There are 2 protein chains.
Amino acid sequence: MSGTLHSEAYAEFQRRLREAREAAGLTQTEVAEALGLPQSFVSKSETGERRVDALELARFAGLYERRLDWFIPKLD
Amino acid sequence: MSGTLHSEAYAEFQRRLREAREAAGLTQTEVAEALGLPQSFVSKSETGERRVDALELARFAGLYERRLDWFIPKLD
DNA sequence: CCGCGAATATCCCATTATGGGATATCCCGT
DNA sequence: ACGGGATATCCCATAATGGGATATTCGCGG
């Protein structure tokens, strides 16, 4: 199922991840610091260089104040 | 952040993943077939042998009829 | 246009995770 | 204790990841 990373659904997911961060008025560096991770981690998460697992998404969602569902592209 | 897989939070997450499946009255094999994946995939997801990314969780959640938030252990 | 500093993306590659068919185990009703 | 369904483990070639360092892009003031 790993291959799914480069599907349209993932692309949309990544787009939302970025959109939510920007809407929250945060830079990747700020998010990185808040989570105690390197900036490249945030960048990779948003560009699809790496997968974002369930609990990681939950942390992003918390920071951005969004429900988890908000990030999931509906249908396929 | 990968290391987090063996944290208490993940353990709880995995517990819920299984709980939801059982509550839905499905076996790992049935879920596997529904998702077009091997049974070992479902087993590994529930035992923490592998990470469950955001979109994968969404598929499980769909099958089990649960909100994504339901799977996320609150706090810490 | 040019220059800067901030913001974001890429490199690199040793280390670690993953896929999934096959097989072993576990679990439980009878 | 047996039968068989349900779940866990094996194995290991292949693919993903981490993260500091570095490159690139983006705005914007002058």
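What's counted below: heavy atoms across the whole structure, side chains too, no hydrogens, waters or symmetry copies. Bear in mind that the values here come from a model prediction, so they are computed numbers and not experimental data. Letters A, B, ... are given to chains in the order of the sequence lines, protein chains preceding strands, and every chain is numbered from 1.
- End-to-end axis angle for the helix from C:dC1-D:dG30 to C:dT30-D:dA1, using five pairs per end and rounding to 10°, comes out at 50°.
- For the pair A:Ser43 and C:dT8, the criterion of a side-chain N or O lying under 4.0 Å from OP1 or OP2 is not met.
- B:Glu12 is linked by a side chain to side chain donor-acceptor pair (under 3.5 Å) to B:Arg15, B:Arg16, counting only residues two or more places apart in sequence or in another chain.
- Rounded to whole Å, atom C1' of D:dA15 lies 15 Å from atom CZ of A:Arg50.
- Nucleotide C:dA17 holds its P atom 16 Å from the CD atom of B:Glu56, rounded to whole Å.
- C:dA17 atom P lies 12 Å from atom OH of B:Tyr10, rounded to whole Å.
- A:His6 has its NE2 atom 12 Å from the P atom of D:dA15, to the nearest Å.
- Atoms NZ (A:Lys44) and P (C:dT10) sit 11 Å apart, rounded to a whole Å.
- Within residues 58-65 of chain B, no residue approaches DNA chain D, by heavy-atom distance under 4.0 Å.
- The nearest pair of heavy atoms linking A:Ala9 to A:Pro73 is O-CG, 3.3 Å.
- A search for side-chain contact (heavy atoms from CB on, under 4.5 Å) contacts involving A:Glu30 returns A:Leu26, A:Thr27, not counting sequence neighbours.
- Near DNA chain D, defined here as any heavy-atom distance below 4.0 Å, the residues from residues 15-42 of chain B are B:Arg18, B:Arg21, B:Thr27, B:Gln28, B:Thr29, B:Gln39, B:Ser40, listed numerically.
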- request: Take A:Leu57 and A:Phe13, measure what side-chain contact (heavy atoms from CB on, under 4.5 Å) needs, and give me the verdict at the end.
  value: CA-CA 11 Å; A:Leu57 174 59; A:Phe13 169 72; 3.9 Å; yes
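- Remark: B:Phe60 engages B:Tyr64 in a ring pair (Phe, Tyr, Trp, His ring centres under 6.0 Å) (not counting sequence neighbours).
- Contacts of A:Arg66 classified as side chain to side chain donor-acceptor pair (under 3.5 Å), with partners at least two apart in sequence or in another chain: none.
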task: Starting from the C-alpha separation in whole Å, work towards a yes-or-no answer on side-chain contact (heavy atoms from CB on, under 4.5 Å) for B:Tyr10 and A:Asp53.
output: CA-CA 11 Å; B:Tyr10 261 93; A:Asp53 75 48; 2.2 Å; yes
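- Straight-line distance from the CD atom of B:Glu49 to the P atom of D:dA8: 10 Å, rounded to whole Å.
- For A:Glu65, the CD atom counts as loosely surrounded, since its 6.0 Å shell holds 12 or fewer non-hydrogen atoms of other residues, nucleotides or ligands.
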Name each donor-acceptor pair under 3.5 Å that joins a side chain in residues 40-48 of chain B to protein atoms two or more places apart or in another chain, with its distance.
from	atom 1	to	atom 2	distance (Å)
B:Ser45	OG	B:Phe41	O	2.8
B:Ser45	OG	B:Arg50	NH1	3.4
B:Glu46	OE1	B:Arg18	NE	3.1
B:Glu46	OE1	B:Arg21	NH2	3.0
B:Glu46	OE1	B:Gln28	NE2	3.1
B:Glu46	OE2	B:Arg21	NE	2.6
B:Thr47	OG1	B:Ser43	O	2.9

query: Between A:Ile72 and A:Leu68, does a side-chain contact (heavy atoms from CB on, under 4.5 Å) hold up when you go through it step by step?
result: CA-CA 7 Å; A:Ile72 309 300; A:Leu68 288 200; 5.9 Å; no
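- Between the CG atom in B:Asp69 and the NZ atom in B:Lys74 there is a gap of 5.0 Å [rounded to 0.5 Å].
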